[in-house]
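Below is one structure, written out as structure tokens, with a few remarks after it.
In what follows, residues are counted from 1 in the order of the sequence shown. Keep in mind that this is a model prediction, so the values were computed, not measured.
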Amino acid sequence: MALFRVGRPSELSAAKKGTRMSPVSKERRKQLRDDDANWKLGIFYFCPRDPSFLVPKRVGIGWSLNFGSPWSLLFLLVVIAVLVWGVFL
């Protein structure tokens with residue numbers, strides 16, 4: 001995973017014009033997020049086909065984790081490990 005893009009200014013400006021590294025288009029992601037089958041119990045978003053780590057909440061303001069993403073599972077494991085480490089040490 002790259003944090004910074006390196007290249008000529010013309011290549012960098014092309015990246016700013018909306019080209020994404022993700023194979024899933026913006027319209028397809030919106031369709032996936034609106035699909036009721038991807039929302040478990042209405043509040044947990046689980047869609048392995050959506051590459052996003054965070055998705056907008058369905059109701060209200062804020063963000064929800066995409067539990068189908070391996071990054072969200074890693075995030076949850078780190079949070080749990082920090083909590084356990086803080087309580088028991």
Side-chain angles (χ1 to χ4, degrees):
M1 182 170 115
L3 296 178
F4 300 100
R5 286 188 174 255
V6 178
R8 290 178 268 182
S10 61
E11 293 171 354
L12 295 176
S13 63
K16 291 180 184 176
K17 291 180 183 173
T19 58
R20 300 195 82 130
M21 294 171 59
S22 170
V24 181
S25 70
K26 197 174 205 179
E27 293 82 22
R28 179 66 180 141
R29 272 188 263 149
K30 181 156 176 42
Q31 288 174 349
L32 290 171
R33 291 176 188 161
D34 288 340
D35 188 5
D36 290 336
N38 293 331
W39 288 91
K40 308 304 179 200
L41 301 175
I43 57 173
F44 299 108
Y45 183 70
F46 183 87
C47 183
R49 292 174 293 174
D50 189 350
S52 302
F53 170 68
L54 292 172
V55 294
K57 282 188 176 181
R58 249 183 146 174
V59 178
I61 299 171
W63 297 89
S64 179
L65 288 174
N66 176 8
F67 290 97
S69 167
W71 292 109
S72 63
L73 297 177
L74 178 66
F75 175 76
L76 287 175
L77 288 175
V78 168
V79 168
I80 290 170
V82 167
L83 290 173
V84 169
W85 182 71
V87 169
F88 292 110
L89 292 179

Are Ile80 and Phe67 connected in a single hydrophobic cluster, I mean Ile/Leu/Val/Met/Phe/Trp/Tyr linked by side-chain heavy atoms less than 4.5 Å apart?
no
Residues 50-59 vs side chain to side chain donor-acceptor pair (under 3.5 Å), sequence neighbours excluded, gives Arg33-Asp50, Arg33-Ser52, Asp36-Arg58, Tyr45-Asp50, Asp50-Ser52
Side chain to side chain donor-acceptor pair (under 3.5 Å) pairs touching residues 73-89, sequence neighbours excluded, are none
So the salt bridge (Lys or Arg N to Asp or Glu O under 4.0 Å) pairs with at least one residue in residues 66-78 (sequence neighbours excluded) are none
- Task: Taking the side chain as every heavy atom from C-beta outward, state whether Val55 and Arg29 have any atom pair closer than 4.5 Å.
- Result: no
Checklist line | Connected via hydrophobic side-chain network under 4.5 Å: Phe44 and Trp63 | finding: yes
Quiz item: When hydrophobic residues are tied together by side-chain contacts of less than 4.5 Å, even through go-betweens, does Leu74 share a cluster with Val84?
Solution: no
Rounded to the nearest 0.5 Å, the CH2 atom of Trp39 sits from the CG atom of Leu32 at a distance of 11.5 Å
Can you tell me if CD1 on Ile61 sees more than 12 non-hydrogen neighbours from other groups inside 6.0 Å? no
Within a 6.0 Å radius of atom NZ on Lys40, are there more than 12 heavy atoms belonging to other residues, nucleotides or ligands? yes
Would a single hydrophobic cluster contain both Phe53 and Ile43, if residues Ile, Leu, Val, Met, Phe, Trp and Tyr are joined by side-chain heavy-atom contacts under 4.5 Å? yes
Value for CZ (Phe46) from CG (Leu65), rounded to nearest 0.5 Å, stands at 12.5 Å
Is it true that atom CZ of Phe75 has more than 12 heavy atoms of other residues, nucleotides or ligands lying nearer than 6.0 Å?
no
Open item on the list: Using a 3.5 Å distance criterion without hydrogens, assess whether the side chain of Asn66 forms a donor-acceptor pair with backbone atoms of Cys47.
Closed with: yes
